[in-house]
*Asks:* 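I'd like to ask you about the structure that follows.
On a predicted model such as this, the values are computed, not experimentally measured, just so you know.
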Amino acid sequence: MDANRSPPGHRRGIERRAAYQIEQPLDPLVMQSFVAESTTSHTGITEYEKESIKEALSNLTDREREIYILIRGQCFSRQDAAKMLGVKKGTINKILTRCDEKIKIKKSTSLFCQPLAN
């Protein structure tokens, strides 16, 4: 194989993935159920999952939490969220990246965010 040619497959390294390709720190379906819980009485989410999400979101600022819930919980596109909040899409992307990092740290350090052993 020619040394100047790249191997077939993905062209970007894992560290340069697009925002939608990066692993999410909270399960999107559980997050959506958590948000839906505020409008309905039965969502299929356990009390432990509710407390775990509350704990994971606890160290986000109000603005970060608002954006995170809009995108991850209510499934708005980043473009729509940017329009609603009067900011640029890039700002939304930066805030989501910051939120994901904060949540990842919180999950790794908090006992309440650890998965239950079977």
*Asks:* Only counting residues at least two apart or in another chain, list the ones meeting side chain to side chain donor-acceptor pair (under 3.5 Å) with N59.
*Replies:*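 N59: no side chain to side chain donor-acceptor pair (under 3.5 Å) contacts found.
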*Asks:* What residues form a side chain to side chain donor-acceptor pair (under 3.5 Å) with S77, not counting sequence neighbours?
*Replies:* D80
*Asks:* Are the side chains of I103 and R72 in contact, using a 4.5 Å heavy-atom criterion?
*Replies:*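 Not in contact.
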*Asks:* Hey, any chance Y68 and I105 share a hydrophobic cluster, counting ILVMFWY side chains that come within less than 4.5 Å of each other, even indirectly?
*Replies:* no
*Asks:* Which value, rounded to the nearest 0.5 Å, describes the distance between S58 atom OG and K54 atom NZ?
*Replies:* 11.5 Å
*Asks:* Would you check if the side chain of R78 reaches a backbone N or O of K89 as a donor-acceptor pair within less than 3.5 Å?
*Replies:*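 Checked: no pair found.
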*Asks:* Starting at NZ of K88, measure out to NZ of K83 and round the result to the nearest 0.5 Å.
*Replies:*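 Nearest 0.5 Å value for the NZ-NZ distance: 15.0 Å.
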*Asks:* Should V87 and R63 be marked as a side chain to side chain contact (heavy atoms under 4.5 Å, CB included) after you check the CA-CA gap, both sets of side-chain angles, and the distance that decides it?
*Replies:* CA-CA 12 Å; V87 297; R63 184 70 161 185; 3.6 Å; yes
*Asks:* Given side chains that start at C-beta, do those of T91 and L85 come closer than 4.5 Å, heavy atoms only?
*Replies:* no
*Asks:* With rounding to the nearest 0.5 angstrom, report the CE to CD1 distance, M84 to I67.
*Replies:*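 Between atom CE of M84 and atom CD1 of I67 there are 10.0 Å.
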*Asks:* Hey, what do you get for CD1 (I69) to CD (E66), rounding to the nearest 0.5 Å?
*Replies:*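 Here the interatomic distance stands at 9.0 Å.
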*Asks:* Please list, chain by chain and in numerical order, all residues satisfying side-chain contact (heavy atoms from CB on, under 4.5 Å) with R98, sequence neighbours excluded.
*Replies:* E64, I95, K102
*Asks:* Output the distance between atom CD1 (I71) and atom CZ (F76), rounded to the nearest 0.5 Å.
*Replies:*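 Reported value, rounded in 0.5 Å steps: 9.0 Å.
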